[in-house]
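The next block holds one structure in the form of structure tokens; read it before the comments.
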There are 2 protein chains.
Amino acid sequence: MTSRAETLSKLAEVFRAHGYEGASLARIGRATGLGKGSLYNLFPGGKAEMATCVLAEIDGWFETNLYAPLRAAERPGEAVAAMFDAVDAYFRSGRRVCLVGVVALGSERDRFGEAVRSYFARWVAALADALQRSGRDAAGSTALAEEIVVQIQGAIVLSRALDQPAVFSRAMTALRARAAAD
Amino acid sequence: MTSRAETLSKLAEVFRAHGYEGASLARIGRATGLGKGSLYNLFPGGKAEMATCVLAEIDGWFETNLYAPLRAAERPGEAVAAMFDAVDAYFRSGRRVCLVGVVALGSERDRFGEAVRSYFARWVAALADALQRSGRDAAGSTALAEEIVVQIQGAIVLSRALDQPAVFSRAMTALRARAAAD
DNA sequence: ATCAGTTTGTACCGATCGGTACAAACTGGA
DNA sequence: TCCAGTTTGTACCGATCGGTACAAACTGAT
């Protein structure tokens, strides 16, 4: 069953590019190469279920590749550095949008509210955990973790707005230094 | 001609709430209390012209209330502090979305590319100008200005995602301190 | 009061929306 | 080879999309 996973990633790109309301079934069908019959066979709940599954897959990817390593790392400092590598690759230096962030800004926020909240809350918590275990006090760790996630999201916005991936890269470089300091 | 200005602000709220694609003429008509006849009389170019005018009005508001004061201030430090006050009020502590930022993330970015680019470029430039005149070197001013705008945008995303306006307020407080320090 | 010019509501257009129905085409096990 | 069960394409549904046409209702100057 290769279809499901591949389809989800293509679905994600459609939602990323056009948002929930702009992701029409016609566009989805074109992007995935699947007709309505197949789509509704895979996702009986229609567009809402597609979006839910896409968000769940993204959430799972971040949990596996970012949050869990941050929480489990024996050398937290290296895990934080690895997170920045992963973030830079995943968001393609700001050229790729954060779908969860886009949902948070849109009118569909309430529909997917818990998924959105959990994704970001766990990101901040996992990062704060790693920062604290690398020698910071609890309050400072949480504050810095929150600021890092804020800057990642903001850097995506600004680098896309200015069409300058360098903006994203600069922000990541500065954050790496902040996280590594002391 | 009270209609035009009032209509634009109501239009802005519709675009903010639903994005360009989600802002249907039905919703726009409902929100403004105007029929299609009136809307196409005010904006012969249809939805695209409405969005262009809304972006232009927002741009004008920021130019007048933020950028110009930052560039003209005799006491740049106070102008920067005033900017944070204005930003906090305008974005209602993160409860209100930045329409230009939303457009930058969406598929309509290219259609309004120049407006989006200019809005953010002038924001960063005006802020960097004020920071430099308050005693910083040129490179540090630009870097800090960029980071401040990044954090404002990111704080809107995160505070909405977590449904915690306090996230936005904390970010603004920290940025005020960063900007005031030297 | 009249009338040109504007503003408004409404009916309507073809296209597309998300979703359903269902028969044809597949699939693997017996 | 056959057949139950799944997967697929396609036709179709009512609703809504952005946009147009146009006549009725307003407006202010004469």
Side-chain angles (χ1 to χ4, degrees), chain A residues 1-57 99 102-103 105-113 115, chain B residues 1-57 99 102-103 105-113 115:
Chain A
M1 187 109 2
T2 169
S3 193
R4 176 93 181 189
E6 282 181 24
T7 300
L8 271 178
S9 101
K10 289 177 180 171
L11 269 176
E13 291 310 317
V14 178
F15 281 115
R16 242 185 271 276
H18 300 97
Y20 184 79
E21 306 211 48
S24 69
L25 289 188
R27 268 200 263 250
I28 290 173
R30 217 176 304 133
T32 59
L34 265 43
K36 289 192 179 188
S38 312
L39 287 170
Y40 273 83
N41 184 44
L42 284 170
F43 307 97
K47 220 169 84 161
E49 184 177 346
M50 297 180 206
T52 301
C53 290
V54 165
L55 286 179
E57 217 224 11
L99 180 56
V102 170
V103 171
L105 290 180
S107 59
E108 321 83 18
R109 183 190 64 152
D110 295 339
R111 193 202 288 250
F112 305 107
Chain B
M1 186 107 7
T2 169
S3 194
R4 175 96 181 185
E6 283 182 23
T7 300
L8 270 179
S9 100
K10 289 177 181 172
L11 270 177
E13 292 310 316
V14 179
F15 282 116
R16 240 185 271 276
H18 300 97
Y20 184 79
E21 307 209 50
S24 69
L25 291 187
R27 269 200 263 251
I28 291 173
R30 217 175 304 134
T32 59
L34 265 44
K36 289 192 178 187
S38 312
L39 286 171
Y40 274 84
N41 183 45
L42 284 169
F43 307 97
K47 220 169 83 163
E49 184 176 347
M50 298 180 205
T52 302
C53 290
V54 164
L55 287 178
E57 217 224 10
L99 181 55
V102 171
V103 170
L105 290 181
S107 59
E108 322 83 20
R109 183 189 65 151
D110 295 339
R111 194 202 288 250
F112 305 108

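Given the structure is predicted, the values throughout are model-derived calculations rather than measurements. Letters A, B, ... are given to chains in the order of the sequence lines, protein chains preceding strands, and every chain is numbered from 1. In what follows, every heavy atom counts, from backbone to side chain, and hydrogens, waters and symmetry copies are set aside.
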Discussion item. Strictly under 4.0 angstrom, non-hydrogen atoms only: write out the protein contact profile of nucleotides 8-20 of chain C, one letter per nucleotide from the 5' end, B, S or -.
Written reply: BBB------SBBB
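Pairing partner, dT6(D): dA25(C), with both Watson-Crick or wobble hydrogen-bond distances short of 3.5 Å.
In this structure, the side chains of Phe112(B) and Val54(B) stay at 4.5 Å or more apart for every pair of heavy atoms. Side-chain atoms of Arg27(B) and Phe15(B), non-hydrogen and from C-beta on, never get closer than 4.5 Å to each other.
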Worksheet item: Going through the checks in order, is the salt bridge (Lys or Arg N to Asp or Glu O under 4.0 Å) test met by Glu13(B) and Arg16(B)?
Response: CA-CA 5 Å; Glu13(B) 292 310 316; Arg16(B) 240 185 271 276; 3.4 Å; yes
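Residues Ser107(A) and Ala17(B) approach most closely at CB-O, 3.0 Å, considering heavy atoms. Smallest separation of non-hydrogen atoms from Tyr40(B) and Gly46(B): CE2-CA, 3.5 Å.
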